[in-house]
Amino acid sequence: MNFDIPSGLTDLLQDFTVSVLRERPPDLIQFASMYFNNMIDNREDITARIQPPENRRGVSFSGVGSDGEDDVRTESDMSDDEPMPEPPKNIFVRRKSVSAERYDPEQDEDDLDQKVVYPKSDEARRRLLEVVKDILIFRSLDQEQTQDVIDAMFEKKVGPSEHVIDQGDDGDNFYVIDSGTYDIFVNKDGQSLNVGNYNNSGSFGELALMYNMPRAATIVATSSGSLWAMDRTTFRRIVLKNAFMKRKMYETLLENVPMLKDLDPYERMNVADALVPRTYEDQEKIIKQGDGADCMFFVEEGEVRIGMINNEGESEVELKRCSKGDYFGELALLTNKPRAASVYAVGQTKCAILDIQAFERLLGPCKEVMGRNVTEYEEQLVKLFGSANISDLR
């Protein structure tokens, strides 16, 4: 599997990311849907705008809606009304990007068990965990993989006016801010513009590592500070290779789910990419009867027990058990009703979770099959409770 960057992808992602940074939408998925639907509606104009001009090097910012950068997330409003003085020159010279190598996780034979560990205090690990869990690219990692990320980060001290990264350079590290303030500069039309800043929190640098793009902005420290960094090789091994292995593992899991037999391989791949793992301890309640529904579950490892209390509030009755390859929680999404039963882990159990947005977007072809399960459950409930309406049970 080779990761070739299609023509125009860099500018496409750049413009979208800048729009997110400027608009700060509360629902990123809905914003993305509207953004790209608008692009389709204005295809001719957009197509002309995203074609890479001759001799373009790295990432530039031209055209309407492109006055920003895509390799960073800023905590301040972005503005380019007034040109800012050029940031001080970096005393360290980094090599410029000529042709970033492609990364193929399928051909990467590095042993994932050979972990990189930099010692940290318990307090530093706690702070890092709080930051890392909210970073989009790490959200799909399980608990062990998240600990690998924290282990692999090393501390970097910076002083005032020091350049952390420079626009156009190769991506060497991904950074998480522990302390300090930092300005974000972008070169546009030969001028250096200050487009935002970080104040003692934030992260930057991952897009250049993920997409083999040169740095899209310059980050300059405006005070003494401390950063946690992860090098390119470790970043790829943990994030990209784990993402690849997760996809392959979930594709194999989903191939054995009868409900998904109507999906083609590409559709199953999209479902696999949308799944998020979570581990539950013995007897931990995964779903509570009567709660609202926002996701469904696939059993990845272990077993779950499904139980229900009838309308009279009598003792809970076990309905069934689900093991590896089974799924549950879909009925409430189909009926738009509260959860009809409670679900408990039997022993340590690992589930793959599909949220409601992905469910509606990706599992349309399977809804008819899932709808048949409603009838099957109702027949079972008639035998147990004398009630045939599963969606009315609380």
Interatomic distance, Gln145 atom CD to Met245 atom CE [nearest 0.5 angstrom]: 8.5 Å
Asp178 and Arg127: salt bridge (Lys or Arg N to Asp or Glu O under 4.0 Å), yes or no, with the steps? CA-CA 8 Å; Asp178 189 33; Arg127 294 199 310 271; 2.9 Å; yes
Would a 4.5 Å heavy-atom cut-off, applied to side chains only, mark Lys156 and Trp228 as touching? no
Counting the benzene-type ring for Trp, do Tyr182 and Tyr198 have ring centres under 6.0 Å apart? no
Is there a donor-acceptor contact under 3.5 Å from the side chain of Ser342 to the main chain of Gln289? yes
Would the distance check show the side chain of Asn173 and the main-chain N or O of Tyr175 forming a donor-acceptor pair, the cut-off being under 3.5 Å? no
Using a strict 4.0 Å threshold on nitrogen-to-oxygen distance, state whether Arg126 and Glu123 make a salt bridge. yes
Does Ser223 reach the main-chain N or O of Thr181 with its side chain, forming a donor-acceptor pair under 3.5 Å? yes
Keeping Arg305 on the side-chain end and Lys320 on the backbone end, is there a donor-acceptor pair under 3.5 Å? no
Please check this pair: side chain of Asp166 against backbone of Asp169, looking for a donor-acceptor N/O pair closer than 3.5 Å. no
For Ala272 versus Leu254, what's the shortest heavy-atom pair and its separation? N-CD1, 3.7 Å
Can a salt bridge be assigned to the pair Glu300 and Lys350 using a cut-off of 4.0 Å between side-chain N and carboxylate O? yes
Heavy-atom closest pair, residues Gly329 and Ile287: CA-CD1, 4.1 Å
Under a 3.5 Å distance rule, please check whether Glu162 uses its side chain to pair with a backbone N or O of Gly159 as donor and acceptor. yes
Any ion pair linking Glu155 and Lys157 (charged N to carboxylate O, less than 4.0 Å)? yes
Would you say the side-chain atoms of Asn194 pair up with the backbone N or O of Gly196, donor to acceptor, closer than 3.5 Å? yes
If you count heavy atoms of other groups shown closer than 6.0 angstrom to CG of Asp122, is the number above 12? no
Return the orientation label for the Phe235 and Phe174 ring planes: parallel under 30°, perpendicular over 60°, tilted otherwise. tilted
Identify the two heavy atoms, one from Ile356 and one from Ala293, that lie closest to each other, and give their separation to 0.1 Å. CD1-O, 4.3 Å
When you measure from the side chain of Arg268 to the backbone of Glu255, do you find a donor-acceptor pair of N or O atoms at a distance under 3.5 Å? no
Roughly how far apart are Asn197 CG and Thr222 OG1, rounded to 0.5 Å? 7.5 Å
Is there a donor-acceptor pair under 3.5 Å between the side chain of Ser179 and the backbone N or O of Ser226? yes
Taken to the nearest 0.5 Å, the spacing of Arg361 CZ from Asn270 CG works out to 8.0 Å
Non-hydrogen side-chain atoms of Phe328 and Ile286 separated by less than 4.5 Å: yes
Measuring only between side-chain heavy atoms, which start at C-beta, is Thr218 closer than 4.5 Å to Val186? no
Apply salt bridge (Lys or Arg N to Asp or Glu O under 4.0 Å) to residues Asp172 and Arg215 and explain how you reach the verdict. CA-CA 9 Å; Asp172 50 3; Arg215 296 294 194 188; 3.2 Å; yes
Backbone N or O of Met153 within a donor-acceptor pair of the Lys120 side chain at under 3.5 Å? yes
Sort out for me which residue in Glu284, Glu316, Glu303 forms a side chain to side chain donor-acceptor pair (under 3.5 Å) with Tyr344. Glu316
Enter the distance from Asp294:CG to Leu354:CG here, rounded to the nearest 0.5 Å. 11.0 Å
Pairwise distance CZ(Phe298) to CE(Met296) - rounded to 0.5 angstrom: 4.0 Å
Got Met308 and Leu319 here, is their nearest side-chain heavy-atom distance under 4.5 Å? yes
Indicate, with yes or no, if Met249 and Leu362 share a hydrophobic cluster defined by side-chain heavy-atom contacts under 4.5 Å among Ile, Leu, Val, Met, Phe, Trp and Tyr. yes
With a 4.5 Å cut-off on side-chain heavy-atom distances among I, L, V, M, F, W and Y, is there a chain of contacts connecting Leu129 to Met230? yes
Restricting to non-hydrogen atoms, name the atom on Ile306 and the atom on Cys322 that form the minimum distance, rounded to 0.1 Å. CD1-SG, 3.9 Å
Heavy-atom closest pair, residues Thr146 and Val132: CG2-CG1, 4.1 Å
Could you walk me through whether Asp273 and Arg247 pass salt bridge (Lys or Arg N to Asp or Glu O under 4.0 Å), step by step? CA-CA 6 Å; Asp273 287 343; Arg247 172 188 284 180; 2.6 Å; yes
Can you tell if the side chain of Leu128 reaches within under 4.5 Å of the side chain of Val176, non-hydrogen atoms only? yes
State, with a plain yes or no, whether a side-chain heavy atom of Pro160 is found less than 4.5 Å away from one of Ser224. yes
Does the side chain of Thr349 come within less than 4.5 Å of Cys351's, by heavy atoms? yes
From Glu318 atom CD to Arg321 atom CZ, the distance as rounded to the nearest 0.5 Å: 4.5 Å
Tell me, do Tyr118 and Asp151 make a side-chain contact under 4.5 Å, heavy atoms counted? no
